[in-house]
Amino acid sequence: MTDLQPDLRQRPSDDRQASPLPAELTTRELARWSWRQVTSMRTALVLLLLLALASIPGSVIPQDNIDSLAVSQWRDNHPRLAPIWDRLDLFNVYGSVWFSAIYVLLMISLVGCIIPRLFVYARALRAKPPKAPRNLSRLPASTSYTTDEDPDVVLARAADVLRARRFRTDRGTDAVAAERGHLREAGNLVFHVAVIIVLVGVAAGSLFGYKGGVILLNGDDYGFSNNLTQYDDFAPGALFDPDVMEPFSFRITDFQLDWLTEGNRAGMARKFVAELAYETEPGGETKNYDLEVNHPLSIGGTDIFLIGHGYAPVITIRDGEGEVTKSGPVVFLPTNAQTFESFGVVKAPFARPEQIGLEGTFYPTFAMGRDADGNLTMPSSIFGALGDPLISMSLWTGDLGLQDGTASSVYVLDKADATQVMKPNGQPFRMDLRPGERVTLPDGLGSVTFEGVQRWNKIQISRSPGKMVALAGVVLALLGLLASLFIRPRRLWVRARRQDDGTTLVEIARLDRSSGGDPEDGAAELAAVAAALQDPTDPRTTSSTKEEQS
Amino acid sequence: MNDAQWEVFSYQGVIAAAVLYFLAMMAYFFELASLRTAAKEVELATVAHGPGGADAGVEHPIAPTRRTELAARLGLVLTGFAVLVHLVALVARGLAADPNRVPWGNMYEFTIAGTFVVALIFVLATLRIDIEWLGPLVTTFVVAALMAAFLGLDDAVLPLPDALNSPWLVIHVVSAVISTGAFTVGALLSGLYLVKARSTATTGYLARVPELKVLDRLSYRMHAFGFPVWTFAVLITGPIWAHQAWGAYWNWDPKEVWAFITWVVYAAYLHARATAGWRGRNAAILALVGLATLWFNFIGINFYSSSSQHSYAQGAGPETSVVLGLAGPVEAAQEVGVVVGTDRPGA
Ligand code: HEM
């Protein structure tokens with residue numbers, strides 16, 4: 001292929017190469033030079049590889065927005081490194097300045113690259129196929145034959161044949177030039193434009209969208225209506241506007257799941273269904289929806305997902321004066337995904353004479369563990385379903401920190417100013433209750449009743465505007481990519497010349513312009529065109545074919 | 001048959017396929033060995049006949065004897081049979097699960113599906129192009145991967161957790177497996193390119209393999225086929241499914257990050273070829289880097305990462321009900337700093 005004139009294979013885009021820095025710099029030259037650097041192919045390549053490289057730390061170092069627990073553990077274990085990591089944004093790689101810088105540069109480069117290519121492409125579309133090179137036999141695929149036909153007849157037939165094969169043709173004086181496969185470049189442009197569309201869609205989602213979660217108790221008594229105050233956690237985009245939140249509300253009328261009791265995965269639960277009753281706006285018609293994993297409910301632009309479940313023991317606390325100071329289900333959080341052993345706290349800050357705080361574990365199916373010798377060890381839950389529910393809690397009194405007005409979590413007991421109640425023998429006071437059981441607290445503090453167990457679901461609610469834009473973008477990118485990879489742009493020339501001996505020499509040559517290092521030899525197409533041009537029954541026609549092996 | 005019988009049947013199928021691949025490999029090795037002896041004989045003959053003959057012996061490709069040709073045929077036929085048996089074993093694996101499902105619920109299953117695709121691509125390719133010489137490499141690779149799957153990977157037939165129970169997941173994994181197979185074959189070719197480029201051998205396997213330009217181009221074709229499929233798997237079906245199951249189409253979870261890294265590296269590979277004119281060595285190196293990221297995602301992330309939500313990441317534990325078992329509550333737990341038990345699955 002060395003004998004190929006380089007200009008023939010040149011693609012419209014190949015002029016954008018990085019160039020050396022001009023010796024004398026005016027501001028304008030510097031600007032122009034920088035622009036050329038940014039939009040050069042090499043820069044694009046370097047930026048792509050950099051993007052891959054820059055993504056790595058975020059998969060190794062725990063990330064704040066993915067696993068904040070792991071981040072805090074990491075911080076505890078590496079007190080010296082953590083501040084440095086913080087300064088480098090390594091706990092938030094994908095939102096960091098340096099990561100953004102790479103993809104923003106890439107996008108600038110992309111825009112700078114696409115716009116000129118669009119113009120080049122538009123011109124190429126209107127341009128005639130380029131004239132036949134002087135020496136057709138030097139092209140990678142060429143063939144020739146001689147005939148008695150008049151050159152004009154041959155060329156007229158060549159134009160017909162090539163048009164029938166969907167080439168665009170241009171008849172010159174002694175040759176027909178033909179070209180096909182412009183869609184490759186179009187596909188490539190579509191692909192690169194689509195990359196920008198995807199980014200716009202994703203950016204819209206993260207800027208204007210939000211993601212929030214709520215733990216909602218099952219039953220008609222508990223409902224959720226879509227406004228900020230009702231969320232347990234809420235992560236809005238930078239430009240999120242609460243006014244766009246759809247005014248729907250829902251409650252979970254029932255929750256079902258299927259515990260596997262046999263087989264390899266005994267103990268695992270499946271087929272979770274939360275039956276939702278919802279209204280799309282206040283006072284609207286109530287509709288029902290079976291919310292399942294992989295089956296979110298969409299209301300307007302908001303999607304509602306079922307992502308978790310758990311137990312809420314119903315606890316009643318009577319204080320020392322006999323008043324009910326706390327009554328109802330309390331959400332306990334599973335600490336074990338399989339057995340649903342759960343942890344929680346119950347607070348009665350208005351109990352008299354003293355505040356009451358309970359902290360402990362809920363076992364859906366209680367069992368005592370045994371060690372190898374058969375001695376009893378730790379209590380545990382052996383199954384996630386409510387086989388033998390038991391709650392085991394310790395007791396705290398004193399100041400639970402709920403009255404100083406600062407926010408506190410419902411899942412932790414503030415023990416700073418509280419004291420644990422002990423038994424006379426110095427052991428901590430514990431209560432182990434099954435449903436319906438009641439225990440009288442020491443020191444005249446009151447009593448605790450374990451009434452029963454309710455369920456809760458964790459519901460995730462998110463709004464990601466632009467997700468359809470992003471999806472359309474990737475689909476478009478894929479289509480463009482297919483065109484760009486598999487359509488072969490090629491040129492074909494047929495030249496017919498009267499020779500001295502009165503016969504006509506017909507030369508046919510084909511040039512594949514695919515990039516990517518996979519030019520097709522095109523022998524089949526060349527042969528087909530040659531065959532269509534020749535009259536195969538004519539004995540005076542002799543032909544010779546040259547095919548370069550590549 | 002009941003589920004347990006199907007499971008046993010599937011194991012037997014995989015073992016039978018592995019044995020067939022192994023026999024095919026031996027046939028190929030025999031072919032190579034006899035090629036070498038043939039070359040030696042030619043050399044000896046030429047030495048005996050003086051320098052004039054030596055030229056002839058070195059310059060002309062060793063003419064394959066009947067014996068060698070037969071061995072090569074046998075290798076291909078055995079590989080073809082192995083692929084059929086492999087397919088049966090895969091289907092049986094799906095039937096062994098209750099309810100029946102696609103056979104890629106864990107790493108063992110993904111590995112037997114992936115190796116199947118590698119072998120299938122090879123066999124299909126031999127029908128259209130001259131690539132039989134890749135046989136020794138493909139069979140060796142498949143045998144090694146199947147051994148690893150048997151010895152090192154958990155293989156219990158488990159029902160899919162709800163989150164994995166989606167038609168999108170089927171399409172997602174099918175396309176991921178197919179593109180993984182194509183990239184793997186492409187990387188074998190690129191590796192071969194690099195080795196051959198440094199070798200001056202005139203006999204043996206490397207001499208038998210086609211010239212560098214052909215290796216380079218075949219490798220490119222594998223990648224050009226694999227890349228759109230990977231794009232479809234990772235950037236279209238993956239996010240659609242993630243959106244349905246987790247409520248966010250992209251979570252920057254380690255598995256996603258590495259799938260993205262792989263995508264970018266292969267995009268760079270194609271880009272470099274199309275715009276920077278990288279051929280041969282540089283492109284081959286980039287292709288191997290791409291495959292390294294791909295396999296790291298499959299092996300490394302599954303074993304070492306604790307924050308991937310992808311359920312393949314789970315070991316044997318029955319706690320794979322990631323999404324509904326845990327993701328929610330633990331998030332809540334994290335907010336309040338409750339330390340989650342050590343038995344927290346690598347969800
Ligand atoms: C997000 C960043 C980018 C990605 C993922 C990307 C990806 C790709 C891919 C996969 C190809 C190969 C398609 C083929 O072989 O036909 C390609 C080709 C190409 N890209 Fe990019 N690219 C990116 C940015 C850029 C930038 C910034 C430029 C300009 C500086 C550029 C210019 C080109 C050109 C000219 C081609 C070759 C077209 C051809 O001749 O076939 N790309 N790109």
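Both backbone and side-chain heavy atoms feed into the values below; hydrogens, waters and symmetry mates do not. So that the names make sense, note that chain A is the first sequence line, chain B the second, and so on, each numbered from 1.
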Just distance, no hydrogens or angles: give the donor-acceptor pairs under 3.5 Å from side chains in residues 286-293 of chain B, sequence neighbours left out.
residue: B:Thr293; atom: OG1; partner: B:Thr262; partner atom: OG1; Å: 2.9
residue: B:Thr293; atom: OG1; partner: B:Gly290; partner atom: O; Å: 2.6

Atom CH2 of B:Trp168 with >12 non-hydrogen neighbours under 6.0 angstrom: no
Residue among B:Ile236, B:Thr231, B:Ile240, B:Leu218 with most heavy-atom pairs under 4.5 Å to chain A: B:Ile236
Part of A:Ile56 within contact of chain B (heavy atom distance under 4.5 Å): both
Which atoms of A:Val475 approach chain B - backbone, side chain, both or neither, heavy atom under 4.5 Å: both
Residue, of A:Leu48, A:Leu51, A:Leu482, A:Ile304, that accumulates the most heavy atom pairs under 4.5 Å with chain B: A:Leu48
Sidechain N-carboxylate O distance under 4.0 Å for B:Arg281, B:Asp216: no
A:Ser462 versus chain B, the contacting section by heavy-atom distance below 4.5 Å: side chain
Those residues that, when tested against B:Phe227, pass ring-ring contact (aromatic ring centres under 6.0 Å, His included) (two or more places apart): B:Trp263
Top contributor to chain A interface from B:Ala268, B:Ala283, B:Ala248, B:Pro239 [non-hydrogen pairs under 4.5 Å]: B:Ala268
Parallel, tilted or perpendicular, as decided by the 30° and 60° cut-offs, for the rings of A:His192 and B:His271: tilted
Check: B:Trp258 ring centre within less than 6.0 Å of B:Phe296 ring centre: yes
Toward chain B, the part of A:Val93 with a non-hydrogen atom under 4.5 Å: neither
